[in-house]
Structures are given as structure tokens and as C-alpha cells.
*Asks:* 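I am attaching a structure below and will ask some questions about it afterwards.
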Protein chains: 2
Amino acid sequence: MSVAIENFVKTIYKNDTNDSNDTKPGNIAKKLGISNAAATDMAKKLASRNLLQYEKYQALQLTDEGTKMALNVIRKHRLWEALLFKLFDMSLHEIHREAELLEHETSNFLADRISEYLGNPKFDPHGDPIPNANGEITTIDTSIALSNTQEGKTYIISRLMSDDKEFFDFCALNGLKYGNSIIVTKQFNKNKMTQITINNNNIILNEDFTNIIYVNETNY
Amino acid sequence: MSVAIENFVKTIYKNDTNDSNDTKPGNIAKKLGISNAAATDMAKKLASRNLLQYEKYQALQLTDEGTKMALNVIRKHRLWEALLFKLFDMSLHEIHREAELLEHETSNFLADRISEYLGNPKFDPHGDPIPNANGEITTIDTSIALSNTQEGKTYIISRLMSDDKEFFDFCALNGLKYGNSIIVTKQFNKNKMTQITINNNNIILNEDFTNIIYVNETNY
DNA sequence: AATTAAATTTAAGTAAGCTTAAATATTTTT
DNA sequence: AAAAATATTTAAGCTTACTTAAATTTAATT
Ligand SMILES: [Mn+2]
Ligand SMILES: [Mn+2]
Ligand SMILES: [Mn+2]
Ligand SMILES: [Mn+2]
């Protein structure tokens with residue numbers, strides 16, 4: 001499959017699982033940086049190849065085959081991120097940038113070698129789950145957005161759902177890293193802002209950030 | 001630059017440095033598996049971009065810029081081969097197959113990280129020299145083809161110049177590996193066949209093989 | 001409910017990288 | 001040196017993945 005097709009189904013999949021907006025050609029176009037017309041064309045083509053269902057003016061829906069393809073690409077993306085992070089200690093932004101390209105030129109064989117080498121990890125360095133070789137995500141995600149946490153409790157950072165360099169730079173600067181521990185000290189304005197304590201620093205985050213930082217409760 | 005262009009200049013470079021046939025569009029077409037017409041078109045386009053010199057019916061000649069691009073792609077190819085070989089113990093054929101794709105989707109930044117991680121190696125697992133970040137091959141190659149060796153002498157395998165699975169499988173089976181030691185026990189029929197001893201086995205190789213296996217003399 | 005705004009689709013066109021077939025030039029053989 | 005064989009180039013056309021502009025449909029506003 002071509003790079004264009006792989007990125008297209010992947011973007012649909014991620015829009016469906018992570019975002020609230022509907023999965024119409026226009027929204028996919030925006031994310032891919034192409035015109036609406038191009039996205040509509042592509043949607044029709046992929047429908048004829050049984051990768052998705054397309055009905056005029058309706059949201060796009062991946063078929064099982066399309067979902068499988070998306071998960072296969074996502075698997076490769078996240079395995080690359082895990083490998084580059086481990087070997088070269090590159091930043092979250094850098095590993096994402098490289099993985100975005102490498103994911104399309106990686107055989108299933110090589111993906112399996114990478115996975116094996118890393119001990120078949122279930123999560124990438126962002127905390128995103130890595131689909132297995134059958135295109136299944138077996139892990140149950142119990143994490144919640146920071147905006148939904150409770151004052152006074154301690155949490156472990158489980159996911160940083162972003163592709164944005166600025167965000168990652170901010171995270172790196174403040175110790176906001178997959179696996180690190182934080183205390184939620186205050187929720188402001190109906191959870192539109194959240195104060196946390198990490199490494200003895202107090203940080204106030206607005207909803208742009210608290211909606212994409214996911215955490216798990218701890219027992220302490 | 002596109003994959004097509006990178007493979008094109010790389011193929012010209014390799015034809016110039018490794019092969020005896022002239023570097024006309026037809027020969028490049030054959031190696032790339034495209035039509036002569038396509039190769040001629042591409043040659044004209046690359047000439048207009050100052051990557052090579054094109055004159056009707058003449059051999060193609062890379063400009064400095066074209067050569068630099070070729071060496072940059074070759075650097076990435078060989079770094080990938082070295083990394084995959086080291087990490088995953090893949091065969092020479094497998095690492096080549098993957099590198100052929102990955103080489104086009106690798107930033108200079110990532111190439112430098114790979115090189116660094118490997119200790120800036122000067123050779124890949126085939127024994128081919130790895131250009132440095134400036135696109136220079138600093139290593140002086142003193143190796144000779146097995147067909148040009150002398151009876152009774154001991155040599156170290158320095159290069160296996162092939163992309164062929166069958167050849168690599170044969171090599172792997174018989175211990176013909178970069179760095180291994182062999183004794184040339186006999187040269188037959190004006191060096192069209194060569195008998196060597198390796199791991200106490202005698203093997204007779206014909207010129208298909210002795211022309212692509214390179215070795216260095218030892219002092220013993 | 002009608003009007004306006006926004007999103008989606010259709011239509012027409014482009015560039016890259018190929019193809020095959022025909023025309024032309026070069027190389028080899030006689 | 002001519003003829004035949006081979007290689008190269010030109011010409012015409014195809015597919016993929018895009019573009020912009022116009023037409024149409026849907027959604028939002030009054
Ligand atoms: Mn990523
Ligand atoms: Mn991608
Ligand atoms: Mn190789
Ligand atoms: Mn290649």
C-alpha cells in the first residue's frame with residue numbers, strides 16, 4: 001500500500017479513537033494537510049478497495065480490513081518510536097518525526113524483529129499502546145485525562161497524547177514523562193485548569209494540556 | 001528528493017565505481033527494472049536539476065552535487081545494514097532488502113545517531129565502506145578480488161559485493177564472512193576458478209563468485 | 001421556515017514516474 | 001562499406017495523488 005493510503009487510514013483510525021470531531025473527509029483532510037477534494041477522492045477509492053465505507057456527506061467508517069491496515073501502520077510507528085528512544089535517547093518529538101516516515105517502509109518481518117529486541121513492549125514512550133503482530137491492542141486502558149482527576153490524589157503519568165514539539169519540550173522541562181508520579185493539588189473552574197505538584201514544583205496546566213495528559217491512579 | 005531520484009543517482013554511482021559496463025540510460029534502466037524510455041526521461045530531468053550531465057547517446061555523468069546525493073543515500077543504506085545486523089542478527093540479504101527502503105526515509109540527523117551508536121564504523125557487514133557525514137569515503141581500499149589472488153597465500157575476507165540472496169546463503173553456509181580468514185589453495189584455468197580452504201573445508205569457486213569476493217593479504 | 005454560512009462533492013487540470021510503440025542513432029557483423 | 005542488429009530517444013498515454021474553482025448539499029442562524 002502507498003504512503004498516502006496508509007496515512008489516510010491511520011488518520012481515520014486515530015480520529016475515531018482519540019478525537020471528538022466526526023470522521024468526515026474534511027476533518028481527515030485538515031489533519032493530513034491536503035484539500036477536501038483530495039480527501040473525498042481518496043475516500044471513494046478506498047471504499048472501492050474495501051478499506052472503508054463511504055456514503056456521501058457521511059462520516060467515513062473503516063472496514064475490518066481498513067482497521068487492520070491502520071493498526072499495522074500504528075504498530076510500526078510505535079515500535080520505531082520505542083527503538084529510537086531506547087537506542088539513541090531522542091526526544092519524543094524527534095522519535096515521532098522519524099517514525100512518521102519509517103512506518104511506511106518497514107516489513108512485518110522487521111517490525112517483529114524490533115518488537116522482539118525490545119521484549120515485545122505493550123507501550124511506546126508516549127504511553128500509547130503498541131498493537132501486536134495480529135493488529136490487536138490487548139491492553140485495557142484504565143487511564144483518565146488529567147482534567148478528570150481528583151484533588152489531593154497521586155497519579156502516574158501513563159500517556160502524552162500529542163505530536164506537538166512545544167508540548168513535548170514543556171513536558172521534558174518539567175519532568176512530565178511516561179511513568180513519573182504527580183500529585184493533583186487543585187482543580188480550578190470546573191476542571192478547566194489543574195494544579196499539579198511534580199518534583200516539588202507546582203505547575204498549573206490549562207485544558208489544552210490536561211486533556212492530552214493521561215494518568216493512572218495509584219494506591220498511595 | 002524522491003525515492004526514484006535517489007535510487008537513480010545511487011545506481012549511476014555504483015555502476016561507475018563497481019561495474020565495467022558504461023553508464024548509459026539503458027544500463028541504469030536494467031538495474032532499476034524500468035524501461036529505457038523512463039531512464040532517458042529521468043536523465044534529462046536530473047540534468048536540468050544539475051545532478052548529472054546528459055548528452056544524447058552518451059554515458060551519464062554525475063555532477064559533484066549528484067555524487068554527494070548518491071553518497072548520502074549510500075551512507076544511510078550501509079548504516080542501516082550495520083545497525084540491523086548488529087541488533088537483530090539478520091542475514092546479509094535481509095539487511096540489504098530493508099536498507100533499500102529505509103535509506104530514503106532517514107534524516108541526516110538520524111543517520112548521525114545511528115553512526116554514533118555504532119561507533120562511527122567505516123565498513124558495513126558486507127565490507128563496503130560507509131561514507132561519512134560529509135559524503136566522503138576516507139578509507140583506502142587495498143583489497144583485491146579472489147580471482148586475482150595467489151596460490152598458497154592466506155587472506156582475510158574484506159568485501160562481499162553482491163545483493164543476491166543465493167550468494168549470501170552460500171556464503172553463510174560456508175563461513176564466507178567479512179573478517180574471516182581463508183587460504184587460496186589453487187587457481188585453475190587462468191584464474192577462472194579458485195580453490196580455497198576455510199574452516200578445514202575445500203571449496204572451488206567459479207568466476208561468478210571470485211569476482212565479487214574481495215580479500216586483503218595477511219602477513220602470515 | 002427561510003436565509004445564510006459552512007462543508008462536501010464534482011469537475012477540470014497538473015506533476016511525477018512510469019508504460020508501449022515508433023523513430024532515430026549507434027554499434028556490430030558480414 | 002553496407003546491412004543487420006542493438007541501443008537510445010521521442011511520442012503518446014496511463015495512474016497516483018494532489019490542486020483550485022464551481023456546484024451542490026448540509027448545518028446553523030435569524
Ligand atoms: Mn508518534
Ligand atoms: Mn506516516
Ligand atoms: Mn546493501
Ligand atoms: Mn533504495
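Just so it is clear, the values below take in all heavy atoms, side chains as well, and ignore hydrogens, waters and symmetry mates. In what follows, every chain begins at residue 1, and chains take the letters A, B, ... in the order their sequences are listed. On a predicted model such as this, the values are computed, not experimentally measured, just so you know.
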*Asks:* Establish, for the pair B/R113 and B/F109, whether the NZ or CZ atom is under 6.0 angstrom from the six-membered ring centre and no further than 45 degrees off its axis.
*Replies:* yes

*Asks:* Which pairs of donor and acceptor atoms, one on a side chain in residues 47-61 of chain A, lie under 3.5 Å apart (sequence neighbours left out)?
*Replies:*
{"residue": "A/S48", "atom": "OG", "partner": "A/K45", "partner atom": "O", "Å": "2.7"}

*Asks:* Evaluate the side-chain proximity of A/W80 to A/L110: yes if any heavy-atom separation is below 4.5 Å, no if none is.
*Replies:* yes

*Asks:* Can you pull out how bent the helix from C/dA1-D/dT30 to C/dT30-D/dA1 is, comparing the axes over its first five and last five pairs, to 10°?
*Replies:* 0°

*Asks:* Of the residues in residues 46-58 of chain A, which ones touch DNA chain C at a heavy-atom distance under 4.0 Å?
*Replies:* A/Y54, A/K56, A/Y57

*Asks:* Using a 4.0 Å cut-off on heavy atoms, which residues in residues 21-37 of chain A reach DNA chain C? List them by number, or say none.
*Replies:*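 Result for residues 21-37 of chain A: A/K24, A/P25, A/G26, A/N36, A/A37, sorted by number.
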
*Asks:* Are A/H126 and A/F168 close enough that their ring centers fall under 6.0 Å?
*Replies:*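 For A/H126 and A/F168, the ring centres are under 6.0 Å apart.
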
*Asks:* Should the pair B/F123 and B/Y178 be assigned to parallel (<30°), tilted (30 to 60°) or perpendicular (>60°) ring geometry?
*Replies:* tilted

*Asks:* Under 4.0 Å from a heavy atom of chain B: give me the 5'-most and 3'-most nucleotides of DNA chain D that qualify.
*Replies:*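 Terminal contacting nucleotides, 5' to 3': D/dT8 to D/dA11.
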
*Asks:* Would you tell me whether A/Q187 and A/T194 have side-chain atoms, one donor and one acceptor, within less than 3.5 Å of each other?
*Replies:* yes

*Asks:* We want to know whether B/N132 and B/K122 form a side-chain donor-acceptor pair, criterion being a heavy-atom distance below 3.5 angstrom.
*Replies:* no

*Asks:* Hey, which of these two, B/T40 or A/V3, hits DNA chain D nearer its 5' end, going by closest nucleotide?
*Replies:* B/T40

*Asks:* Does A/Q150 offer a backbone N or O that forms a donor-acceptor pair with the side chain of A/Y155 under 3.5 Å?
*Replies:* yes

*Asks:* Do the side-chain N and O atoms of B/N216 and B/S143 include a donor-acceptor pair separated by under 3.5 angstrom?
*Replies:* no

*Asks:* Take atom CG of B/D41 and atom C1' of C/dA15, then tell me their distance rounded to the nearest Å.
*Replies:*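 That distance rounds to 13 Å.
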
*Asks:* Which residue, B/K14, B/K30, B/K31, forms the salt bridge (charged side-chain N to carboxylate O under 4.0 Å, His left out) with B/D19?
*Replies:* B/K31

*Asks:* Determine whether more than 12 heavy atoms belonging to other residues, nucleotides or ligands lie under 6.0 Å from atom CG of B/D64.
*Replies:*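 12 or below, so no.
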
*Asks:* Regarding A/E105 and B/H104, is there a side-chain donor-to-acceptor distance under 3.5 Å anywhere?
*Replies:* no

*Asks:* What pairs with A/F85 under ring pair (Phe, Tyr, Trp, His ring centres under 6.0 Å), at least two apart in sequence or on another chain?
*Replies:*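 Ring pair (Phe, Tyr, Trp, His ring centres under 6.0 Å) list for A/F85, sorted by chain: empty.
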
*Asks:* Identify whether any heavy atom of B/A38 sits under 4.0 Å from a base atom; if not, whether one sits that close to sugar-phosphate; answer base, sugar-phosphate or nothing.
*Replies:*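 Base contact.
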
